[in-house]
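Structure record follows, encoded as structure tokens.
Throughout, a chain's letter reflects where its sequence line sits, starting with A, and its residues are numbered from 1. When reading the values below, keep in mind they use all heavy atoms of this one structure, side chains included, and skip hydrogens, waters and symmetry mates. What you see is a predicted model; the values in this text were computed from it and never measured.
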2 protein chains.
Amino acid sequence: MEQVATTSRGRPREFDPAQALAAALQVFWRRGYEGASISELTEAMGITRPSLYACFGNKEALFRQALDLYETEKLCYVKTALEAPTARGVAERLLRGSLAMQCSDSEPQGCLGVISTVAGVTEADCIRDEVLKRRASSNAALLARFVQAKEEGDLPDGIEPEAMSCYLSTVMQGMAVQASGGASRETLERLVQTTLAMWPGR
Amino acid sequence: MEQVATTSRGRPREFDPAQALAAALQVFWRRGYEGASISELTEAMGITRPSLYACFGNKEALFRQALDLYETEKLCYVKTALEAPTARGVAERLLRGSLAMQCSDSEPQGCLGVISTVAGVTEADCIRDEVLKRRASSNAALLARFVQAKEEGDLPDGIEPEAMSCYLSTVMQGMAVQASGGASRETLERLVQTTLAMWPGR
DNA sequence: CCTGTTCCATACCGATCGGTATATAGTATG
DNA sequence: CATACTATATACCGATCGGTATGGAACAGG
């Protein structure tokens with residue numbers, strides 16, 4: 001339950017929770033929620049099983065904390081992307097951002113969110129719902145940005161913001177599938193270029 | 001190992017292998033390879049555990065046979081789609097075909113191939129490789145069709161067949177992710193329209 | 001009928017799953 | 001030092017995993 005000690009009492013822990021959480025994120029990212037076993041997690045985190053449960057609660061709670069870390073550290077490009085001056089700029093930044101993240105040499109390929117939602121989980125559909133909820137809020141932000149773009153005349157007639165945001169999300173999710181399947185960086189770069197080449201206007 | 005008896009001898013089996021395999025496909029489709037347990041499979045197939053192993057070999061062999069069935073029964077629209085007269089027609093048939101399949105009320109949502117490749121499998125990366133191999137051959141067929149389209153002047157200058165086939169595959173995989181996440185038929189129909197609206201030419 | 005063969009039913013195998021009980025080690029306060 | 005408290009280490013829990021051994025049931029050919 002991880003209560004914060006006002007003044008430290010008892011034996012101090014020998015590991016850095018933030019560092020351990022980062023290691024857990026890597027495992028979840030590679031294996032998915034169900035594919036990541038507690039044994040693999042503890043080994044990667046460099047801690048023992050009881051330490052994991054004492055510090056992070058249980059597997060599900062650990063995953064949620066890993067999701068938080070993923071959003072704040074790996075999906076931060078989304079926030080800056082939405083600040084681009086044009087709809088096309090938003091799309092370009094989003095596509096290039098996810099490209100950069102999913103092609104990192106030091107990290108797993110693919111998107112944790114996609115990985116966590118496609119497998120038709122058995123016990124853990126609450127995990128799926130959690131990820132879907134976060135995705136929905138992200139989509140809502142993108143939609144709001146495209147509604148603004150529409151008002152600014154930044155999207156052509158006959159193309160609605162809802163359609164555009166859904167389309168762009170879909171392409172990025174498809175990119176994640178490609179990356180999970182081992183697509184090369186060159187392939188994904190070409191994919192970004194193709195998508196941008198089809199983008200209306202400019 | 002399922003050796004075909006020249007003349008039937010011994011006790012005849014009490015179930016229809018084709019029907020059982022169809023039931024197994026539904027389970028794999030819903031749960032993914034690792035998520036589908038033998039117990040869930042046998043229950044859905046209406047047979048006992050030893051019957052499954054006697055008739056289909058083991059879980060991996062069963063999955064491959066389910067994959068075969070999936071390709072021949074569920075992905076048959078790909079073949080006819082490639083026969084469309086124009087590149088745009090190919091895209092439209094592919095998109096509408098995958099839309100129809102992934103929105104069926106009687107079957108799981110999403111694409112079995114996508115489901116089987118995104119989760120970073122532990123033991124079963126040979127399963128992943130198998131699916132990736134089949135996907136690659138499908139992509140190759142699409143590419144060949146777009147190379148032909150290019151020769152016929154059916155793709156605009158500056159857009160290569162490789163880029164186009166990869167792009168279209170990506171959109172369809174993204175659609176599968178959306179469907180897995182519970183996207184409505186209306187949402188996916190709008191997505192198809194948007195994609196076609198952005199398609200070059202016409 | 002008897003024998004051979006194949007299928008079904010039940011129970012079981014070792015391994016691994018997520019999670020925990022227990023005992024010991026290390027720190028702060030008194 | 002003694003006490004209170006917390007972290008670590010080890011061993012363990014019941015449940016489930018994929019896969020199988022065993023024994024009886026149902027058919028064929030003789």
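Sparse packing is recorded around CD of Glu43(B), with 12 or fewer heavy atoms of other residues, nucleotides or ligands lying under 6.0 Å away. In the displayed structure, Gln19(B) atom CD is contacted under 6.0 Å by at most 12 heavy atoms of other residues, nucleotides or ligands.
Applying the 4.0 Å criterion to OP1 and OP2 of dC8(C), one finds that Thr48(B) has every side-chain N and O outside that range. Taking only side-chain nitrogens and oxygens, Ser51(B) comes nearer than 4.0 Å to OP1 or OP2 of dC8(C).
Distance CG (Leu52(A)) to C1' (dA7(D)): 14 Å, rounded to an integer number of Å. Regarding Arg31(B), its CZ atom lies at a distance of 15 Å from the C1' atom of dT16(D), rounded to whole Å. In this structure, Ile38(B) atom CD1 and dC12(C) atom P are separated by 20 Å, rounded to whole Å. At whole-Å resolution of the value, NZ in Lys59(B) and P in dG18(D) are 4 Å apart. A straight line from CD of Glu34(B) to C1' of dT16(D) spans 14 Å, rounded to a whole angstrom. Taking atom CZ of Phe56(A) as the reference point, atom P of dT8(D) lies 11 Å away to the nearest angstrom. Distance Ile47(A) CD1 to dG19(C) P: 14 Å, rounded to the nearest Å.
Screening Tyr33(B), Trp29(B), Phe56(B) against Phe63(B) for a ring-ring contact (aromatic ring centres under 6.0 Å, His included) leaves a single residue, Tyr33(B). Of the options Met164(A), Glu160(A), Glu151(A), Glu162(A), a side chain to side chain contact (heavy atoms under 4.5 Å, CB included) to Phe146(A) is made by Met164(A) and by none of the others.
Taking CD of Glu34(A) as the reference point, atom CD1 of Ile115(A) lies at 13.5 Å (rounded to 0.5 Å). Annotation: the span from Leu191(B) atom CG to Thr170(A) atom OG1 amounts to 4.0 Å, rounded to 0.5 Å.
The Ser39(B) side chain lies nearest to dC17(D) when the options are dC17(D), dG18(C), dA7(D). In the set dG19(D), dT29(C), dC8(C), the nucleotide with an atom closest to the side chain of Arg9(A) is dT29(C). With dC7(C), dT8(D), dG18(C) as the choices, the nucleotide that has an atom nearest any side-chain atom of Arg13(B) turns out to be dC7(C).
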Are any protein N/O atoms closer than 3.5 Å to N/O atoms in nucleotides 20-26 of chain D? If there are, list each pair with its distance.
| from | atom 1 | to | atom 2 | distance (Å) |
| --- | --- | --- | --- | --- |
| dA25(D) | N3 | Arg11(B) | NH1 | 3.3 |

Open item on the list: Test side-chain contact (heavy atoms from CB on, under 4.5 Å) on Gln109(A) and Cys103(A); report intermediate values, then the result.
Closed with: CA-CA 6 Å; Gln109(A) 301 183 81; Cys103(A) 287; 5.9 Å; no
